[in-house]
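What follows is a set of notes on a single structure, which appears directly below.
Both counts, for ligands and for their atoms, begin at 1 and track the order of listing.
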Amino acid sequence: MRRLELHWQILIGMAAGLVVGLGVNLSQDAVAPLLEGSAALATVVGFVVKLVDFAGDLFLRALRLIAVPIVLFSLIVGASSLNDLGKLSRIGGRTVAIYLVTTAVAITTGLVFANLTRPGTWVSADLRDQLATAGVQQATAKMQAATAPDVWQTLLNIVPTNPFASLAQGEMLQVVFVALVLGAMLTLVPEDKAAPVIRVADGLTEAILKLVHVIMLTAPYAVFALVVDVVATLGLDVLAALAVYSLTVVAGLALMMFVVYPAILRLLTGVGPRRFFHAIAPAQLLAFSSSSSSATLPVTMECVEERLGASEEVTSFVVPLGATINMDGTALYQGVAALFIAQLYGIDLDLGAQLTIVLTATLASIGTAGVPGVGIVMLVIVLQSVGLPEEVMAGGIAIIFGVDRLLDMCRTSVNVTGDCMVATVVAHAEGALLTEEEAARRAARADDEPVDEHP
Ligand code: ASP
């Protein structure tokens, strides 16, 4: 019997997690007295909860373990195989430009949606104040964590003063920079010196990609654990109260994912949605379950290179850069959230203010780290940029906090999809994208042995 494809397995894990998580969520009140009555039962339940937590965290740690070395080694190989720096700056320029434009499109989409549905007008003033009081603690924490990124400092920070510290701290942009420079320099030293270094980096890249394969075999179970954990603790009442807001965010994200990206792909590359989504499904599902584009990075790279057929050189540059600076889903969500909060408190944000949101949210998304919940911290900066009063910001953040994890899952999937889309566009423009047949053959062979095959 043929084994079910990985993304179906993950989807089943996710659905099972949803059902079990909802069961736990809804039965909490009924189960609490039973647990109080029986110490043995409480111990068993406590153990199962810990185990589920442990399984999810272990999986995420295994992926995070891979992120830095895979970027370093694969980018050294990628950059050293380029024999002109002009090509590198062309790829770089094109990548950053598309990232910025798609992010601005995403926020604008969010703003248009929020102007149409006016989610803030669906929550009564009473309910608003009640929700704001309930989430006050989390709001204070988020507001304290927010510091506006300084553009110059962000640019300067790309160049590390100690590359080993960058590796140790997982500063992805710095790692990309170091690997690019090293790879480029390897093309300038005599071949007998460069070749062994490149071979080592190449061998390590292959070994790490194999590790991604192995870890992904456990993904369906891990995803189950991650989803149970989130859904079991989800505030269903808050979700119902903020239904219009949540649906507006989700509808905007769906439009980006299923209309805007496929249209760009069709227009610029000819790659159809079936091929694209089939190739990147594991990365999307993982992004959804983990709410972290950084943790998903190794899988995103694997999907783009092995399943979609982009070259190593383009993948190892465009994808890590995207996981660090390109957050279309987050930006869209920030647009909707900003308007929602203003509407809740009866503040009118005119066209000028909304343009300010487009600008700040584009910049803020560059400084947003690809880990769970950072989007809401950066939202504070967006809210500050349009001059919302402190108490409105605090109240607003407190209110949307209750549904943030769920929306984080959705926006992270879009963040990762956007990275894959741009990688496809850049690879196609560079003539470094396999045809569908070549990519399928390659993906089939990747399970048996690593291959290197590019036009
Ligand atoms: N969790 C998102 C990501 O990793 C960032 C965010 O909070 O919006 O891409």
Side-chain angles (χ1 to χ4, degrees), residues 56-57 59-61 63-64 66-68 71 99 102-103 106-107 109-110 138-139 141-143 145-147 149 170-173 223 226-227 229-230 245-246 248-250 252-253 256-257 261 280 283-301 303-304 318-338 340 357 360-383 397 400-423:
D57 288 348
F59 177 73
L60 291 183
R61 283 184 87 97
L63 288 174
R64 288 173 57 197
I66 292 170
V68 171
V71 171
Y99 276 153
T102 48
T103 305
I107 311 165
T109 308
Q138 287 94 337
K142 296 289 164 194
M143 289 184 56
T147 41
E171 290 290 345
M172 219 40 111
L173 276 186
V223 160
L226 291 168
V227 173
D229 202 20
V230 175
Y245 159 70
S246 307
T248 305
V249 175
V250 172
L253 293 175
M256 281 309 284
M257 190 183 293
Y261 293 154
I280 68 160
Q284 288 184 305
L285 295 173
L286 197 60
F288 184 81
S289 327
S290 68
S291 293
S292 168
S293 4
S294 293
T296 311
L297 177 62
V299 180
T300 317
M301 289 179 70
C303 288
V304 170
V318 179
V319 179
L321 193 68
T324 320
I325 70 165
N326 184 49
M327 307 262 168
D328 294 351
T330 301
L332 184 145
Y333 142 85
Q334 287 173 340
V336 178
F340 171 68
I357 293 179
T360 14
T362 305
L363 293 177
S365 76
I366 297 176
T368 307
V371 288
V374 190
I376 198 168
V377 174
M378 299 308 272
L379 175 66
V380 177
I381 292 151
V382 176
L383 298 179
I397 301 277
I400 59 173
F401 188 82
V403 289
D404 195 64
R405 183 55 198 253
L406 197 66
L407 298 182
D408 196 0
M409 296 164 87
C410 302
R411 64 189 190 238
T412 307
S413 304
V414 172
N415 290 345
V416 166
T417 309
D419 301 340
C420 296
M421 185 276 288
V422 176

Subject >> Heteroatom proximity flag, Ser294 to ligand 1, N/O under 3.5 Å >> reply: no

Original post:
What about Val371: any of its N or O atoms under 3.5 Å from an N or O on ligand 1?
Top reply: yes

Any atoms of ligand 1 less than 4.0 Å from a non-hydrogen atom of [X]? List them with their elements.
X      : answer
Gly370 : 3 (C), 4 (O)
Ser291 : 1 (N), 4 (O)
Gly373 : 7 (O)
Val374 : 7 (O)
Met327 : 9 (O)
Gly375 : 6 (C), 7 (O), 8 (O)
Asp408 : 1 (N), 2 (C), 6 (C), 7 (O), 8 (O)
Ser292 : 4 (O)

Beyond-backbone contact of [X] with [Y], side-chain heavy atoms, under 4.5 angstrom:
X      : Y      : result
Leu253 : Asp328 : no
Ile357 : Gln334 : no
Asn326 : Thr103 : yes

Subject >> Heavy-atom nearest neighbour of atom 5 (C) of ligand 1 within options Thr324, Leu332, Leu407, Thr330 >> reply: Thr330

**OP:** Give the residue, atom name and distance (to 0.1 Å) of the protein heavy atom nearest atom 2 (C) of ligand 1.
**Re:** Thr412 OG1, 3.3 Å

Subject >> Identity and distance of the protein heavy atom lying nearest atom 3 (C) of ligand 1 >> reply: Ser293 OG, 3.1 Å

Original post:
Do you know which two heavy atoms are closest between Asn415 and Gly329, and how far apart they sit?
Top reply: OD1-N, 2.7 Å

Original post:
Judged by atom type as modelled, is there a donor-acceptor pair below 3.5 Å linking the side chain of Asp408 to the main-chain atoms of Gly373?
Top reply: yes

**OP:** Please indicate whether Arg405 has more than 12 foreign heavy atoms, meaning atoms of other residues, nucleotides or ligands, lying under 6.0 Å from its CZ.
**Re:** yes

Original post:
Got a sec, which residues hit side chain to side chain contact (heavy atoms under 4.5 Å, CB included) with Tyr245, two or more places apart in sequence or on another chain?
Top reply: Pro119, Leu242, Val249, Tyr333, Val336, Ala337, Phe340, Ile400, Val403, Leu407

Subject >> With sequence neighbours excluded, residues passing side chain to side chain contact (heavy atoms under 4.5 Å, CB included) with Ser294 >> reply: Ser292

**OP:** State, without any angle test, whether Ser413 and Gln284 hold a side-chain donor-acceptor pair at a distance under 3.5 Å.
**Re:** no

